[in-house]
Amino acid sequence: MVFRVAAVVPLILAVTFVCFLLVHLAPGDAWTRLEANPDVSRSTLEAFRTRFGLDRPILVQYGLWLRNVVLRGDFGLSFESALPAFDALFLSGRLAWTVLVAGSTLLVALVLAIPLGVWMAARPHGVVDRVGSVLAFGLLSVPVFLLGLLLLWLLVAVRVGDLGLGVGGLFDNRYLGAPWSWGKVGNLLWHLWPVWAAAGAAEGIGWARQTRGNLQDALGEPYVVTARSKGLTERSVVWRHALRNAANPLVSMAGLSLPRIVSGSLVAAVVFNLPTVERAFWQAVQAQDPYVVLAGLSFFTAFLAVGNLLADLLLVTVDPRIRRGA
Amino acid sequence: MKRRALWASVAVLALLVGLAARGAEIPADAKVLSLGQVGTPWADLKPGVRGGTFHMASFGNPQKWNPITAVETGTTVITNHLYHGLVTLNPRSAAVEPALAKGWEVSDDGCVLTFHLRRDLRWSDGEPLTSADVVFTFNDLILNPDVLSTARDSLVLPNGTFPRIEAIDDLTVRVTTPMPFRPLLLSMGKRLLPRHKWAHTVRTQNPDAEPGAFNTALGLDTAPADVVGSGPYVLREFVADQYVILVRNPYYYVYDAQGTQLPYYDRRVIHIVADADLALLQFLNRELDALDPRASDLAVLASRATSESFTVLVEPEVPMYGSAWLSFNQDIGLREGRDEGKRALYRDVRFRQAFAHLVDKGAMIETIFHGLAVPQWSPVSLGSPFYGGRNGYGGEITDTDPAGLMYDIVLAMRTLDDLGVVDRDGDGWRNLPDASPLEIRLSTAAGLSEYEGECLIIADRARLAGLDVRFEPLETSLMLDRLFSGAFDAAVLGFTGGIDPNSLAGVYAPCGRLHFWHLSGCQEPTQTESELVSLFARGAATLDVSEAFGIYQTLQNLAALDAGLIYTVYPAFRYAYYNYVGNAEMANPNAHPTGENGLAADLVFDTRLVP
């Protein structure tokens with residue numbers, strides 16, 4: 001386990017190095033653009049040039065960038081807004097919104113997928129199973145952006161008086177700038193469901209299909225036959241015995257799904273106008289803002305590496321057989 | 001005991017009544033708008049009631065809160081609400097009228113302009129606003145070479161100097177010029193900044209300040225309380241990618257005749273939307289109270305206007321302020337020492353004129369604007385009385401393209417052939433005269449669908465003529481940075497416009513901040529550039545508007561034929577608003593000739609709140 005934790009560090013380093021190379025090999029003259037930015041003073045320019053060694057070989061530049069990141073938390077400068085790259089990415093609480101949007105999407109997908117998968121496994125070829133299978137194929141085939149746009153149009157077309165949902169954004173107009181209240185929290189959740197649907201539906205239905213398959217396999221195992229012959233209820237057999245074994249691959253899948261959740265959140269953030277890190281990152285890519293792109297790539301790498309690490313740790317907790325050396 | 005309580009209640013009531021009555025008093029020097037009064041520009045407007053929130057949309061985050069250095073409308077749409085100047089334009093008549101100054105006098109020789117400020121003016125933080133702030137804004141900010149202000153170019157006098165601006169006393173400002181300068185009054189309407197907040201950022205006031213430190217002041221990380229202005233609203237909250245909330249400025253100096261301090265709305269929320277599609281959906285979903293629709297949105301809007309209780313205003317006859325253009329970078333590769341052949345071609349006026357003949361304005365008007373646009377050939381806005389297609393100052397528009405650079409692909413191809421720009425390697429594309437490939441990368445701001453449409457039509461017609469034009473939309477801020485750093489190939493974009501052609505002096509002056517297509521012209525101006533500078537100077541130096549009209553007509557023809565900026569088309573005025581927005585029927589481009597929208601921010605109100 002210590003090995004697994006330690007492996008995260010070189011992984012992040014390797015990815016940041018590749019990203020650094022890619023960002024610097026990208027076409028365009030970012031430095032000229034920074035020089036032309038009236039919001040950046042001469043002294044800031046010179047200090048930046050020295051601090052990040054912009055007139056030195058690329059390996060030295062990477063070393064200086066890494067040193068500044070590790071020692072000072074300095075990811076560089078946004079060439080667009082002249083803010084520190086870290087601030088440009090996380091301005092206005094974007095990190096919290098990203099964690100909320102991606103985390104809640106993951107959670108909702110899991111919470112819906114497992115019961116649905118169990119239902120489908122317990123009643124194979126029933127109505128739910130068939131509808132679920134058709135939905136799975138459909139949702140897995142529809143790109144997130146298209147699903148998002150269809151939901152947006154639906155929200156405008158099917159308005160039910162004041163229940164009409166805001167098009168994009170996190171809150172209805174009446175809650176903009178208002179202090180937090182239960183009403184505001186409810187309104188936030190009301191705004192998040194299309195995001196969950198767009199970014200998490202495909203993952204969720206995929207997991208439901210996976211749960212169904214795993215559980216059906218588990219239900220055919222001898223220990224399930226033994227449990228049933230002991231006279232346990234079917235609910236106990238499925239939920240206490242079979243599902244615990246069938247759920248293990250789901251934990252790994254959840255970790256592996258993180259990149260798709262993040263990319264889905266990015267598309268959802270653009271379509272639904274959400275103030276997340278993903279959207280700021282996307283804007284930085286469009287604006288060819290190299291140090292913000294680099295900060296974003298580093299953030300996502302760390303986010304995914306830590307997410308996968310947590311999934312591994314959870315897997316070990318759920319299934320002690322997986323411990324290294326066991 | 002009961003009697004004492006009764007008397008106390010009466011006393012409190014009297015006090016409250018007294019305070020309420022006091023609240024309705026109009027300060028002696030306030031600006032009063034006589035809404036509904038016959039014989040005034042406000043005759044057909046109604047007095048409103050205070051309260052409510054007005055919701056509007058803006059594309060992309062603002063870049064700063066600094067009105068002096070801002071160049072893009074995503075920023076000015078907000079700073080216009082935060083800051084005011086000495087004078088402004090009447091939103092109905094477009095005439096210059098008092099704002100923070102209650103009046104002015106012009107000397108007989110036209111060389112001295114004396115402004116009188118209103119008494120008891122206050123900044124939004126409660127500090128007094130005096131002539132020291134006016135002098136600071138002009139002398140230490142706008143005219144300070146360390147400050148990157150686009151406003152400076154419109155204050156350049158015909159002899160190349162600047163006006164002398166001095167405070168006579170706390171309420172009087174004197175502006176002196178060595179010669180008459182007709183646009184001076186309008187140019188003095190630049191938005192003011194408080195000296196007590198920003199004096200420390202300029203070396204003229206604080207020798208320890210870093211050069212150019214003011215350019216970084218009022219960034220997005222500035223606390224809202226430090227964004228101090230004199231406009232109708234103050235900044236309350238900014239959430240990137242989401243919204244900007246402005247609330248009423250308690251010290252605003254404008255009242256209606258009933259004694260109600262303006263603006264009527266308590267708050268103004270500017271929703272930051274990613275694109276026009278989302279803005280349309282938000283409007284249809286009643287999340288926005290008003291919308292600047294695209295021509296392509298009009299069919300959707302018109303079909304629902306009656307049932308959804310909103311109004312779609314389309315005024316094909318009301319010309320907008322502003323311009324849209326195509327431009328070639330005449331300094332391409334100069335800094336890097338490459339692209340000599342391309343640079344020489346772009347510098348050749350015959351090539352630029354040939355390309356102007358490839359701009360199919362008719363197709364643009366029909367396919368992008370559904371007929372609701374007019375061809376443009378001049379840098380001066382169609383709404384300006386100096387527009388060169390008029391039959392005199394403020395006269396009727398009688399000619400839509402005096403320069404004659406109309407769509408003519410045959411003529412364009414013939415000119416290209418004459419220039420030696422022919423297909424020399426048999427690949428189907430024309431080459432440079434030295435036989436090297438000619439690939440033109442045409443950019444615009446991504447997401448601005450009307451500009452994107454213009455680019456696609458331009459690229460298509462150019463390809464028909466054998467030119468390899470590739471369309472590359474760029475993110476807005478990247479596009480602007482590329483433009484102003486001279487790092488583009490060809491671009492389509494637009495300017496907001498003004499009443500007086502002198503507002504374009506900074507665009508055509510070779511050293512102007514907006515003269516992006518030939519930055520090296522500052523060191524080596526072409527003959528045409530020098531002539532244009534001279535015409536701008538002559539036009540500004542005469543107080544006779546008819547004489548100025550003649551000069552500006554020559555200027556417009558020369559600028560059009562030089563084709564540094566090849567003008568395309570400009571849309572008719574369009575606006576949509578829900579019917580509960582009072583006074584919205586006044587929407588017109590005069591309300592904000594510098595862009596934004598067609599509503600005067602102070603005067604709209606929510607009729608649903610009327611008791």
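No experiment lies behind these values; they were computed from the predicted model shown.
Between B:His200 and B:Asp208, the side chains place no donor N or O within less than 3.5 Å of an acceptor N or O (distance only, hydrogens not considered).
A:Val285 does not touch chain B: none of its heavy atoms, backbone or side chain, sits under 4.5 Å away. At a 4.5 Å heavy-atom cutoff, B:Asn66 makes no contact with chain A through either its backbone or its side chain. The part of B:Ile272 that comes within reach of chain A is its backbone (N, CA, C, O), which places non-hydrogen atoms under 4.5 angstrom from that chain. Interface remark: B:Arg267 contributes side-chain atoms only to the contact with chain A (heavy atom separation under 4.5 Å). Neither the backbone nor the side chain of B:Phe214 comes within contact range of chain A, judged by heavy atoms closer than 4.5 Å. Looking at B:Ile245, only its side chain comes within 4.5 Å of chain A, counting heavy atoms on both sides. Only the side chain of B:Val269 has a heavy atom closer than 4.5 Å to any heavy atom of chain A. Using a 4.5 Å cut-off between heavy atoms, A:Leu149 does not touch chain B at all.
Every side chain to side chain contact (heavy atoms under 4.5 Å, CB included) that A:Trp282 has, sequence neighbours left out, goes to A:Leu266, A:Val270, A:Gln286. Every side chain to side chain contact (heavy atoms under 4.5 Å, CB included) that B:Leu334 has, sequence neighbours left out, goes to B:Asp331, B:Arg343, B:Arg347, B:Ser520.
Between chain A and the residues B:Leu281, B:Leu220, B:Asn61, B:Val239, the most heavy-atom pairs under 4.5 angstrom are made by B:Leu281. Chain A forms the most heavy-atom pairs under 4.5 Å with one residue out of B:Gln282, B:Arg236, B:Gln242, and that residue is B:Gln242. Chosen from A:Thr276, A:Leu170, A:Asp87, the residue pairing most often with chain B at heavy-atom distances under 4.5 Å is A:Leu170.
With A:Phe272 as reference, A:Leu152 is the one residue of A:Val101, A:Val267, A:Leu152 to meet the side chain to side chain contact (heavy atoms under 4.5 Å, CB included) rule. Partner of B:His55 under the side chain to side chain donor-acceptor pair (under 3.5 Å) criterion, chosen from B:Arg268, B:Glu287, B:His271: B:His271.
B:Arg286 contributes no side-chain N or O that, together with a main-chain N or O of B:Tyr578, makes up a donor-acceptor pair within less than 3.5 Å. No donor-acceptor pair closer than 3.5 Å links the side chain of B:Thr69 to the backbone N or O of B:Asn215.
In this structure, B:Asn329 CG and B:Phe488 CZ are separated by 4.0 Å, a value rounded to the nearest 0.5 Å.
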